[in-house]
Amino acid sequence: MKKYISLLLILFIVLILSGCSKSDEDGNEKKFSTAMVTDTGGVYDQSFNMSSWQGMRRFAEKTGAKVSYVESRQSSDYSINMDRLADEDMDLIWAIGFSLADVLKRAAETNPELNYAIIDYSYGDETLENVTGVMFRAEESAFLAGYVAGKTTKTCKVGFIGGIASIVVDQFEYGFRAGVDYAAKERGVNIEFVSQYAESFSDAAKGKAIALKMYSHGCDIVFHAAGSVGVGLIEAAKETNNFAIGVDMDQSNLAPKNILTSALKNAGQAVELVSTKLMNGEKIGGKTLSFGLSEGCVGLPEFNPNIEPKVYISAMKIKEEISAGNIMPPANADEYATFKEKYIN
C-alpha cells in the first residue's frame, strides 16, 4: 500500500512539473523564442543591426532558444514586420533602433500579452508594462574615440558624419567632440571639428560623398554614427588614404589600414543580457535599462595597429577615469557646453 501511495505521489509531482513548461499544440515543450525587426540598414549593416543579430545567435547557442529576424528595406516595412512576429507568438520581440519606436508602441498596446524590447530608445514614464527600453552610454566610447583622434590627427582637423539627427546620434557626436577637445588641451593645440548629417542610415553613396569632401578640405580623421552610410565613409578613407573611425562594431576588417579605431556599442551584448533576464523569469517590462563601460557594452577594440601604443595606453587611462566618474562625457549640446566649462576652458 505504501509503495502504491509513493508511486501516486511521484506521478502527481511529475504532472505538476510538466504543467510548468510551455507546450505547443501537440504537447511538445516549447522553446523560448525571440526575434528582431531590423531598421532599414539591414541585418548585415556592419553596425548595430549586425551586432544585435550576433548577440541573438550567441543567446541561442548558450540557451537553445529559437531566434530569428526580419529585415526592413524601408520604413513602411516596420509595422508589417512587427505584426508578423506577433502572429508567430514570440516570447520576446526586439525592435532594433529608435526609428521603430512608434511602431513598437502600437504593437505593444495591441498585444499586451507579448513582451517587447527596443534598442536605442526610452519611453520614459510612458513605458508600457510589456516593453523594455535599452539605452547605451555611447558618449563614453565616443569620447575615447575622440580622444584617440585628437591625439593622432596631423592636420588638426577632424570630422563627424551623422545619420539622422536624434538623441542617440547626439551621444556619439558630442561625446566625440569632447574627447577631441580633451586631447587638444593635452597637446596644447587647436583642433577644428566639422560635422554633417546624411539624413539616412542606408545611403552609402551619400556617406562617401560627404567624407570625400571632408578629406579634401583637410580632415585626416572622420568618425561616423550613421549605420550603412558609414560604409561609404570607409570607402572614401581607403581611396584618399586617410583614417576613418568605425562605430558600434569593430569595423577594422572593412579597411585594415584605414580604420583608426571604432567606438563600440555592443548592442548584441545587451540583446543577450536582456533576453536572458526574461527567459530566467526576471521582470524587465515597464523600464529602461542603461548599458555602458561598466557593463562591457561600450568601449574601444582591444587592439588596432593603427593607434600608436602610447596613445592607446593614454586612452585606457581615460577609460578608467570615466569609469570612476572623474570624467563625465557629454551626451548632448547642453552637457557639452558644461563639459567645456569644467574641463577645457
Side-chain angles (χ1 to χ4, degrees), residues 44-59 61-62 119-120 134-153 158 160 171-172 175-176 178-180 182-183 186 220-227 230-231 233-234 237-238 242-274 276 290-329:
Y44 294 111
D45 63 349
Q46 301 295 326
S47 189
F48 65 100
N49 285 302
M50 187 171 178
S51 175
S52 297
W53 177 233
Q54 289 177 343
M56 196 166 280
R57 289 176 63 186
R58 288 195 302 270
F59 172 67
E61 291 170 1
K62 293 177 181 179
I119 291 289
D120 278 344
V134 175
M135 294 291 287
F136 298 85
R137 299 188 296 281
E139 66 273 16
E140 295 177 353
S141 58
F143 186 93
L144 294 175
Y147 180 82
V148 169
K151 284 287 195 177
T152 304
T153 179
V158 301
F160 171 82
Q171 291 177 304
F172 285 107
F176 183 72
V180 171
Y182 202 88
E186 285 190 351
D220 60 349
I221 302 171
V222 179
F223 172 46
H224 83 95
V231 175
L233 157 64
I234 293 168
K238 289 194 291 185
N242 283 297
F243 281 132
I245 294 179
V247 75
D248 296 337
M249 299 178 64
D250 181 356
Q251 295 188 311
S252 59
N253 64 302
L254 299 179
K257 295 181 180 180
N258 301 96
I259 297 295
L260 178 61
T261 187
S262 297
L264 301 180
K265 184 177 73 177
N266 196 343
Q269 173 92 346
V271 166
E272 185 178 348
L273 289 171
V274 174
T276 301
S290 175
F291 298 99
L293 282 172
S294 58
E295 294 82 14
C297 286
V298 305
L300 299 181
E302 291 185 5
F303 175 76
N304 189 312
N306 296 323
I307 302 178
E308 292 184 14
K310 63 180 181 180
V311 171
Y312 182 80
I313 291 171
S314 295
M316 292 303 98
K317 291 179 180 178
I318 295 295
K319 176 183 175 181
E320 292 175 1
E321 291 293 300
I322 295 172
S323 297
N326 298 326
I327 298 176
M328 302 291 289

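In this text the structure is predicted, and so the values were computed from the model without any measurement. Nothing fancy with the numbering, it's 1 onward along the sequence.
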Legend entry - Asn306 side chain vs Pro256 backbone, donor-acceptor pair below 3.5 Å: yes
Inset, instruction - Give the minimum heavy-atom separation between Asp45 and Met50, together with the two atoms involved. - result: OD1-N, 3.1 Å
Inset, instruction - Can you see which heavy atom on Phe176 is nearest to which on Ile245, and at what distance? - result: CE1-CD1, 3.8 Å
Legend entry - Check: Phe160 ring centroid to Phe172 ring centroid under 6.0 Å: no
Inset, instruction - Flag the pair Phe291 / Val274 as yes when at least one side-chain heavy-atom distance between them is below 4.5 Å, and no otherwise. - result: yes
Inset, instruction - Evaluate whether atom CZ of Arg58 has more than 12 neighbouring non-hydrogen atoms of other residues, nucleotides or ligands under 6.0 angstrom away. - result: yes
Inset, instruction - Please examine the side chains of Glu295 and Gln269, heavy atoms only from C-beta on, and report whether any two atoms are closer than 4.5 Å. - result: no
Legend entry - Over all atoms of both residues, closest heavy-atom pair of Lys265 and Ser51: O-OG, 4.3 Å
Legend entry - Side-chain touch Met316/Lys319, heavy atoms, less than 4.5 angstrom: yes
Legend entry - Gap between atom CH2 of Trp53 and atom OH of Tyr44 - 0.5 Å precision: 7.5 Å
Legend entry - Shortest non-hydrogen contact from Ser141 toward Leu300: O-CD2, 4.1 Å
Inset, instruction - Answer whether the closest heavy-atom distance between the side chains of Phe143 and Ile318 falls below 4.5 Å. - result: yes
Legend entry - Ala244 versus Leu233, closest heavy-atom pair with distance: CB-CG, 3.9 Å
Legend entry - Asn258 vs Ile234 side-chain heavy atoms within contact, under 4.5 Å: no
Inset, instruction - Measure the spacing between NZ of Lys151 and CG of Leu260 and express it to the nearest 0.5 Å. - result: 13.5 Å
Inset, instruction - With the side chain counted from C-beta on, respond yes when Phe136 and Ile119 share a heavy-atom pair under 4.5 Å apart, and no when they do not. - result: yes
Inset, instruction - Quick one: list whatever passes side-chain hydrogen bond (donor to acceptor under 3.5 Å, both in side chains) with Ser290, sequence neighbours left out. - result: Arg137
Inset, instruction - Check whether any side-chain N or O of Tyr147 sits under 3.5 Å from a backbone N or O of Val311 as a donor-acceptor pair, and report yes or no. - result: no
Inset, instruction - Mind listing the closest non-hydrogen atom pair of Leu264 and Pro301 along with its distance? - result: CD1-N, 3.6 Å
Inset, instruction - Nearest 0.5 Å please: distance from the CD1 atom of Ile322 over to the NZ atom of Lys317. - result: 15.0 Å
Inset, instruction - Quick one: pull up CG in Leu293 and CD in Glu140 and give me the separation to the nearest 0.5 Å. - result: 4.0 Å
Inset, instruction - Working to the nearest 0.5 Å, report the span between CD of Glu272 and CG of Asn266. - result: 9.0 Å
Inset, instruction - Quick one: pull up OG1 in Thr152 and CD1 in Ile221 and give me the separation to the nearest 0.5 Å. - result: 5.0 Å
Inset, instruction - Determine whether Asn304 and Ser252 make a side-chain contact, defined as any pair of heavy atoms from C-beta on separated by less than 4.5 Å. - result: yes
